[in-house]
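Heavy-atom basis, side chains included; hydrogens, waters and symmetry copies ignored.
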Amino acid sequence: MNTPIKLAFLILCIALTANAFVVPTKRDAVTPEHEKAVAGICSVVQDKSLCSITLKTVPSNDPNVLVRHLATGAETSVKKGLKFLSEIKPKYKGNAFATACITSCEKQLNNAVEDFSDFWKAAGKDITSMADNYFTCKKKMTSIFNYQSSCLDDIYDKTLLKEVQGGIGLGKRMSGESVDVFAGMGKVFNTLNIKTKLNQKDTDSLLPPPLSFYYY
């Protein structure tokens with residue numbers, strides 16, 4: 001192999017080797033649009049730090065996705081809280097008060113999980129369905145938060161309260177975040193320039209029929 005051919009072959013090998021080790025550039029998920037959406041949603045919650053931490057890694061700037069992510073996080077945490085209660089219950093077998101408190105909390109959190117099912121049905125698949133059922137979504141999320149609050153309010157033993165709060169507290173905090181978001185949804189929509197109208201009427205299919213239904 002003569003010199004020009006050897007040189008060309010060497011250059012080709014170097015080029016191929018270099019290309020083999022090129023690492024594709026990773027797209028930064030935190031875009032200005034993403035930051036604006038997260039800031040707009042978190043502006044209406046009390047615990048802005050938890051809200052920001054929860055949403056900053058979500059690879060989307062779609063408000064619908066971000067709001068749902070908060071609710072999903074709350075639901076996951078509530079289910080983990082139920083698991084925690086079932087794990088600590090056996091050690092309080094001889095303590096009637098503690099057993100009664102934990103059993104009551106299990107009932108409350110199970111009610112919250114059932115309400116999550118109703119919440120997702122009302123929320124639908126997009127921001128339009130969520131807005132159409134806005135009042136119902138807000139009502140269900142408030143109910144979810146209240147179930148957890150009631151659980152803790154009934155425990156007056158400080159040691160037991162601290163333990164239970166440590167196990168179910170995150171679910172309550174994250175549910176509170178979602179309550180705040182729905183309470184301030186009008187401001188969020190204005191900030192993010194979402195023109196969809198929020199329906200302030202209850203669309204809950206489980207509501208009893210109006211009184212006129214019973215009269216002719």
Side-chain angles (χ1 to χ4, degrees), residues 41-42 44-47 50-51 54-55 58 62-89 99-155 161 163-189 196-210 213:
I41 292 170
C42 294
V44 298
V45 308
Q46 291 186 26
D47 194 342
L50 178 60
C51 178
T54 304
L55 296 182
V58 180
D62 183 349
N64 177 55
V65 173
L66 296 172
V67 170
R68 287 167 187 277
H69 188 81
L70 280 178
T72 299
E75 183 179 27
T76 300
S77 297
V78 169
K79 289 179 178 178
K80 286 181 179 178
L82 266 173
K83 185 174 184 293
F84 167 81
L85 292 173
S86 68
E87 289 173 349
I88 67 167
K89 194 173 184 178
T99 299
C101 287
I102 294 170
T103 300
S104 175
C105 282
E106 286 178 321
K107 182 178 180 180
Q108 302 276 26
L109 264 63
N110 273 311
N111 287 339
V113 170
E114 289 180 9
D115 269 6
F116 267 114
S117 178
D118 293 335
F119 168 82
W120 291 120
K121 288 176 184 177
K125 295 182 179 181
D126 53 35
I127 202 73
T128 301
S129 56
M130 190 180 290
D132 287 345
N133 297 297
Y134 164 72
F135 184 90
T136 301
C137 287
K138 182 174 69 171
K139 182 184 74 171
K140 291 297 180 182
M141 194 56 70
T142 302
S143 176
I144 289 165
F145 176 79
N146 288 340
Y147 279 129
Q148 296 168 83
S149 295
S150 296
C151 156
L152 296 173
D153 289 344
D154 290 340
I155 305 175
L161 175 60
E163 183 175 15
V164 173
Q165 198 163 24
I168 74 169
L170 181 60
K172 181 188 173 186
R173 285 177 65 195
M174 295 202 68
S175 299
E177 300 258 285
S178 287
V179 171
D180 288 346
V181 168
F182 277 94
M185 191 69 81
K187 180 181 177 183
V188 172
F189 274 29
T196 308
K197 186 178 179 181
L198 298 174
N199 183 11
Q200 300 289 347
K201 293 183 179 180
D202 203 339
T203 55
D204 191 347
S205 60
L206 298 178
L207 283 174
F213 175 84

(request) Find the distance between CZ (Phe119) and CD (Glu75) and round it off to the nearest 0.5 Å. (result) 9.0 Å

(message) Is the shortest side-chain heavy-atom distance between Tyr147 and Asn110 below 4.5 Å?
(response) no

(message) Using only atom types and a distance under 3.5 Å, with no angle test, would you say the side chain of Ser129 pairs donor to acceptor with the backbone of Asp126?
(response) yes

(message) If I compare all heavy atoms of Gly184 with all of Val44, which pair ends up nearest, and what's the gap?
(response) O-CG1, 3.7 Å

(request) Mind checking the SG-CE spacing from Cys137 to Met185? Nearest 0.5 Å is all I need. (result) 7.5 Å

(request) Check whether any side-chain heavy atom of Thr72 sits under 4.5 Å from a side-chain heavy atom of Trp120, and report yes or no. (result) yes

(message) Here's a test for you: under side chain to side chain contact (heavy atoms under 4.5 Å, CB included), which of Gln108, Lys172, Gln148 qualifies with Val78?
(response) Gln148

(request) Determine, step by step, whether Asp153 and Ser150 satisfy the side-chain hydrogen bond (donor to acceptor under 3.5 Å, both in side chains) criterion, reporting the C-alpha distance in whole Å, the side-chain angles of both residues, the deciding distance to 0.1 Å, and the verdict. (result) CA-CA 5 Å; Asp153 289 344; Ser150 296; 5.4 Å; no

(request) Could you grab the distance from atom CG of Asp180 to atom CE of Met141, nearest 0.5 Å is fine? (result) 11.5 Å

(message) Are Val188 and Val67 packed together at the side-chain level, in the sense that at least one heavy-atom pair is separated by less than 4.5 angstrom?
(response) no

(message) With a 4.5 Å cut-off on side-chain heavy atoms, are Thr103 and Lys107 touching?
(response) no

(message) Between Ile155 and Cys105, does the side-chain contact (heavy atoms from CB on, under 4.5 Å) criterion hold? Intermediate values first, please.
(response) CA-CA 9 Å; Ile155 305 175; Cys105 282; 4.1 Å; yes

(request) Considering non-hydrogen atoms only, spot the tightest contact between Val179 and Phe145 and give its length. (result) CG2-CB, 3.8 Å

(message) Any non-hydrogen side-chain atom of Asp47 less than 4.5 Å from a side-chain atom of Met174?
(response) no

(request) Would you please indicate yes or no on a ring centroid separation below 6.0 angstrom for Tyr134 and Phe189? (result) no

(request) Verify whether one side chain among Asn146 and Ser149 offers a donor that lies under 3.5 Å from an acceptor in the other. (result) no

(request) Tell me, yes or no, whether the heavy-atom count around Lys121 atom NZ, taken from other residues, nucleotides or ligands under 6.0 Å, exceeds 12. (result) no

(request) Would you name the heavy atoms of Cys151 and Ile168 that are closest together and state the gap between them? (result) SG-CD1, 3.6 Å

(request) Without swapping roles, check the side chain of Ser104 against the backbone of Ala100 for a donor-acceptor pair under 3.5 Å. (result) no

(request) Taking all non-hydrogen atoms of both residues into account, name the closest pair between Ser77 and Gly171 and its distance. (result) CB-CA, 3.4 Å

(message) Using 0.5 Å steps for rounding, measure from the CG atom of Leu109 to the CG atom of Leu82.
(response) 4.5 Å

(request) Take Arg68 and Asn64 through the side-chain contact (heavy atoms from CB on, under 4.5 Å) test and state the conclusion after the steps. (result) CA-CA 6 Å; Arg68 287 167 187 277; Asn64 177 55; 2.6 Å; yes

(request) Any chance you could measure Met130, atom CE, to Thr128, atom OG1, to the nearest 0.5 Å? (result) 10.5 Å

(request) Would you check if the side chain of Ser86 reaches a backbone N or O of Lys83 as a donor-acceptor pair within less than 3.5 Å? (result) yes

(request) Would you indicate whether the side-chain heavy atoms of Cys101 and Val164 approach each other to under 4.5 Å? (result) no

(message) Using side-chain contact (heavy atoms from CB on, under 4.5 Å), reason through Leu152 and Leu161 one step at a time and then give a plain yes or no.
(response) CA-CA 7 Å; Leu152 296 173; Leu161 175 60; 4.0 Å; yes

(message) Test your reading of the model: is there a side-chain donor-acceptor pair from Thr136 to the backbone of Thr203, 3.5 Å cut-off?
(response) yes

(message) What I want to check is whether the side chains of Thr54 and Glu177 have a donor and an acceptor closer together than 3.5 Å.
(response) no

(message) To the nearest 0.5 Å, what is the distance between CG on Asp132 and OG1 on Thr196?
(response) 8.5 Å

